[in-house]
Amino acid sequence: MRLYATYGTNDLSRAITFYDAIFSVLELPRLPGWTNDRAGWGTEPDDGTGFWICTPFDGNPAKVSNGTMIAFPTQSAATVRQFHTAGLEHGGTDAGAPSTRDYYAPDFYVTYLRDPDGNKLSCFHYHYDPAKDPGD
């Protein structure tokens, strides 16, 4: 089964620049078949997940939804930090610096970003051990 998520954008070229940067950190390639109104990243059909951005089909402006977020898992806290840095360098805004959060669990390392359209994203790593991670 293939899963995918989609966020709307009001500026596709700006969004592509941002998502190319963060998905290169996660080693998710751009998917074939993108057009002048959409682009996607992930794995081939029937082999995992995908993420797409597009101009809204109804022709109305894309809007941010309160309480909506897409989270991307990774295998290290270093990748979480790289994701955050790449996002900030390519038009995103900080929504929570990389660290653990007392609200969750002491080994849940996470960061939050907003893309150039204001959509919220997260990148996280389970089983974080500060003794094994020289980055903090």
Side-chain angles (χ1 to χ4, degrees):
M1 173 173 67
R2 176 162 172 94
L3 300 173
Y4 69 91
T6 304
Y7 270 155
T9 182
N10 293 307
D11 185 335
L12 188 64
S13 62
R14 177 185 69 183
I16 287 171
T17 298
F18 173 82
Y19 284 104
D20 274 346
I22 65 167
F23 287 133
S24 70
V25 170
L26 300 178
E27 298 180 1
L28 289 173
R30 181 126 31 113
L31 291 167
W34 61 285
T35 65
N36 61 354
D37 67 350
R38 67 182 168 270
W41 295 261
T43 55
E44 292 298 321
D46 299 324
D47 187 33
T49 60
F51 180 87
W52 290 85
I53 54 172
C54 66
T55 55
F57 288 104
D58 66 6
N60 291 316
K63 294 187 253 179
V64 175
S65 174
N66 187 27
T68 301
M69 178 180 71
I70 296 175
F72 300 98
T74 190
Q75 297 300 314
S76 73
T79 303
V80 171
R81 291 189 292 273
Q82 291 167 353
F83 176 95
H84 188 257
T85 298
L88 294 178
E89 290 175 350
H90 292 88
T93 55
D94 179 40
S99 69
T100 57
R101 301 290 193 279
D102 292 337
Y103 180 81
Y104 301 112
D107 66 344
F108 185 72
Y109 194 87
V110 62
T111 192
Y112 302 97
L113 287 171
R114 296 229 177 237
D115 75 6
D117 287 288
N119 297 299
K120 193 170 183 181
L121 303 163
S122 171
C123 183
F124 65 93
H125 168 60
Y126 278 120
H127 310 300
Y128 171 69
D129 181 351
K132 294 179 182 175
D133 183 14
D136 279 349

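Please read all numbers here as calculations on a predicted model, not as lab measurements.
Using a 4.5 Å cut-off on side-chain heavy atoms (C-beta onward), Cys123 and Val110 make no contact. A 4.5 Å side-chain heavy-atom check between Ile53 and Ile16 finds at least one atom pair inside the cut-off. Considering only heavy atoms from C-beta on, Phe18 comes within 4.5 Å of Leu113 through its side chain.
The salt bridge (Lys or Arg N to Asp or Glu O under 4.0 Å) analysis of residues 4-16, with sequence neighbours excluded, yields the pairs Arg14-Asp117.
With sequence neighbours excluded, the residues satisfying side chain to side chain contact (heavy atoms under 4.5 Å, CB included) with Asn60 are Asp58. Residues satisfying the salt bridge (Lys or Arg N to Asp or Glu O under 4.0 Å) test with Arg101, not counting sequence neighbours, are none. Considering only residues two or more places apart in sequence or on other chains, Tyr104 meets the ring-ring contact (aromatic ring centres under 6.0 Å, His included) condition with Phe108. Scored by the side chain to side chain contact (heavy atoms under 4.5 Å, CB included) test, Thr17 finds His90 as partners (sequence neighbours excluded).
Expressed to the nearest 0.5 Å, how far OH of Tyr112 lies from CG of Asp94 amounts to 12.0 Å. Atom CG of Leu121 and atom NE2 of His84 lie 11.0 Å apart (nearest 0.5 Å).
Using a distance-only test at 3.5 Å, with no hydrogens or angles considered, a donor-acceptor pair links the side chain of Asn10 to the main chain of Ala62. With Thr111 contributing its side chain and Arg81 its backbone, the two residues share no donor-acceptor pair below 3.5 Å.
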With a 3.5 Å cut-off and sequence neighbours excluded, list the donor-acceptor pairs that the side chains of residues 63-74 form with protein atoms.
residue: Ser65; atom: OG; partner: Thr68; partner atom: OG1; Å: 3.0

Table please: side-chain donor-acceptor pairs of residues 19-26 below 3.5 Å, with sequence neighbours left out.
residue: Tyr19; atom: OH; partner: Asp115; partner atom: OD2; Å: 2.5
residue: Asp20; atom: OD1; partner: Arg30; partner atom: NE; Å: 3.1
residue: Asp20; atom: OD1; partner: Arg30; partner atom: NH2; Å: 3.1
residue: Asp20; atom: OD1; partner: Trp41; partner atom: NE1; Å: 2.9
residue: Asp20; atom: OD2; partner: Arg30; partner atom: NH2; Å: 2.5
residue: Ser24; atom: OG; partner: Asp20; partner atom: O; Å: 3.4
residue: Ser24; atom: OG; partner: Ala21; partner atom: O; Å: 2.8

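Nearest heavy-atom pair, Ala39 versus Leu12, reported as atom, atom and distance to 0.1 Å: N-CD1, 4.5 Å. Gly118 approaches Arg114 most closely through the heavy-atom pair O-NH1, 2.9 Å.
Ring centroid separation for the pair Phe124 and Tyr126 comes in under the 6.0 Å cut-off. Taking the centre of each ring, Phe51 and Tyr7 come in below the 6.0 Å mark.
Within a 6.0 Å radius of CG in Asp129, more than 12 heavy atoms belonging to other residues, nucleotides or ligands are found.
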